[in-house]
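Working notes, beginning with the structure itself.
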Number of protein chains: 2
Amino acid sequence: MATPGAAGAPDETWTIAQIADEFGVTHRAVRHYEDLGLISPRREGTRRIYRRRDRTRLALILRGRRLGFPLEEIRTIIDLYDLPRGKRSQLEYVLTQIDERRADLEQRRADLEAAIAELEAWEVSCRRDLEALG
Amino acid sequence: MATPGAAGAPDETWTIAQIADEFGVTHRAVRHYEDLGLISPRREGTRRIYRRRDRTRLALILRGRRLGFPLEEIRTIIDLYDLPRGKRSQLEYVLTQIDERRADLEQRRADLEAAIAELEAWEVSCRRDLEALG
DNA sequence: AGTCTGCTTTACGTTAACGTAAACGTCAAG
DNA sequence: CTTGACGTTTACGTTAACGTAAAGCAGACT
């Protein structure tokens, strides 16, 4: 679509404007993520070339951001994905990291559920008051 | 406990150090929330006096913060709690606000579930690799 | 009286996550 | 060949959410 070759080819590439547009962020933001080492697109001369792997990472970054994680923390998380997991010690390290992350996420989930439940109870009470008014 | 009167009395009060300590934040943070209008403790002379209502608000603030909401947004939310909900128009306004908030929270929940599911799948794959190593 | 502890205001400093110009390269179209 | 459209680096600006002095009051202890 963006480059020659069959649609959906595994070596499809995009420019910075294309992915920024597609993900709804600015080029500045994308370059910022690169400065912090969250993505590292290839270069064609001086131009940045984004591939599927970069898109995947960007999606992870944005989700992490929506969840309120600081970019530095997001970096350590997605870096874990690329860690060589051949040796036992590395696997065990990844597992402990996963546990930490999950504990964090579970805490967030608890907060979320509480907030949602509160909102719903509130809504019910509002609707009841409304009906009482005719 | 902190002031004369029976424990659990509805007019119990606390100093800034006490609530800051109890909620695990700094006095500076608490005063910052006040600067932004998120809490407004009574004064005894020049000293701030915190009551149950302030504690409730602080709890809401901190949960909002854990959820990654900006303080300004948190302010508009908890201000809604104190809105007079006598008239129909006010009730309807609150209901629309509740809907907006809930849509936001549902989005976050989706992100959260996705992240957790991903982590779990990853963990399974790691454990499988570990077993393969003996 | 002196000193400590706890609280106060005022105000500048800091970090994160970009925004926003400035100044320049480059390739295809007019 | 000049004009755009798009890309690049460098660097200062901005907002949020506090941190961190600095300097002073007020009641309790010694």
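Residue numbering restarts at 1 for every chain, and letters A, B, ... go by the order of the sequence lines. Reckoned from all heavy atoms, side chains included, excluding hydrogens, waters and symmetry mates.
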Near-strand residues of residues 27-39 of chain B, defined as heavy-atom separation under 4.0 angstrom from DNA chain D:
B/Arg28, B/Ala29, B/His32, B/Tyr33

For the residue pair B/Arg28 / B/Tyr33, report whether a side-chain donor-acceptor contact shorter than 3.5 Å exists.
no

Using a strict cut-off of less than 4.0 Å between a Lys/Arg side-chain nitrogen and an Asp/Glu carboxylate oxygen, indicate whether B/Arg127 and B/Glu123 qualify as a salt bridge.
yes

Enumerate the side-chain hydrogen bond (donor to acceptor under 3.5 Å, both in side chains) contacts for residues 42-51 of chain B, please, sequence neighbours excluded, ordered by first and then second residue.
B/Glu34-B/Arg43, B/Glu34-B/Arg48

Between B/Thr46 and D/dA26, does any side-chain N or O lie under 4.0 Å from OP1 or OP2?
no

Could you state the CD-C1' distance from A/Glu44 to D/dC6, rounded to the nearest angstrom?
14 Å

Nearest 0.5 Å please: distance from the CD atom of B/Gln107 over to the CG atom of B/Leu112.
10.5 Å

How many Å lie between CD1 on B/Ile19 and C1' on C/dC7, as a whole number?
13 Å

Sorted by chain and residue number, the side-chain hydrogen bond (donor to acceptor under 3.5 Å, both in side chains) partners of A/Arg128 (sequence neighbours excluded) come out as none

Roughly, in whole Å, what's the span from CZ in A/Arg47 to P in C/dA28?
10 Å

Provide, to the nearest angstrom, the distance between the CZ atom belonging to A/Arg48 and the C1' atom belonging to D/dT8.
7 Å

Do NZ/NE/NH1/NH2 and the carboxylate oxygens of B/Glu113 and B/Arg108 come within less than 4.0 Å?
no

Taking five pairs at each terminus, the helix from C/dA1-D/dT30 to C/dG30-D/dC1 shows an axis bend, to 10°, of 20°

To the nearest Å, give me how far apart CD (B/Gln18) and P (C/dC7) are.
8 Å

Under a 4.0 Å N-O cut-off, is there an ion pair linking B/Asp79 with B/Arg57?
yes

Does A/Glu106 come within less than 4.0 Å of A/Arg101, counting only side-chain N to carboxylate O?
no

Strictly below 4.0 Å: does B/Thr15 bring a side-chain N or O up to OP1 or OP2 of C/dC7?
yes

Keeping the roles fixed (side chain from A/Gln90, backbone from A/Lys87), state whether a donor-acceptor pair exists under 3.5 Å.
yes

Hey, are B/Arg63 and A/Asp111 close enough for a salt bridge, meaning a charged N less than 4.0 Å from a carboxylate O?
no

Without decimals, in angstroms, what is the distance between B/Ile16 CD1 and D/dC18 C1'?
13 Å

Is the shortest distance from a Lys or Arg side-chain nitrogen in B/Arg109 or B/Asp104 to a carboxylate oxygen in the other one below 4.0 Å?
no

Tabulate protein N/O versus nucleotide N/O from nucleotides 3-5 of chain D, keeping only pairs under 3.5 Å, one per line.
none

Is there a residue in residues 68-76 of chain B whose heavy atoms reach under 4.0 Å of DNA chain D, and which residues are they?
B/Pro70, B/Leu71

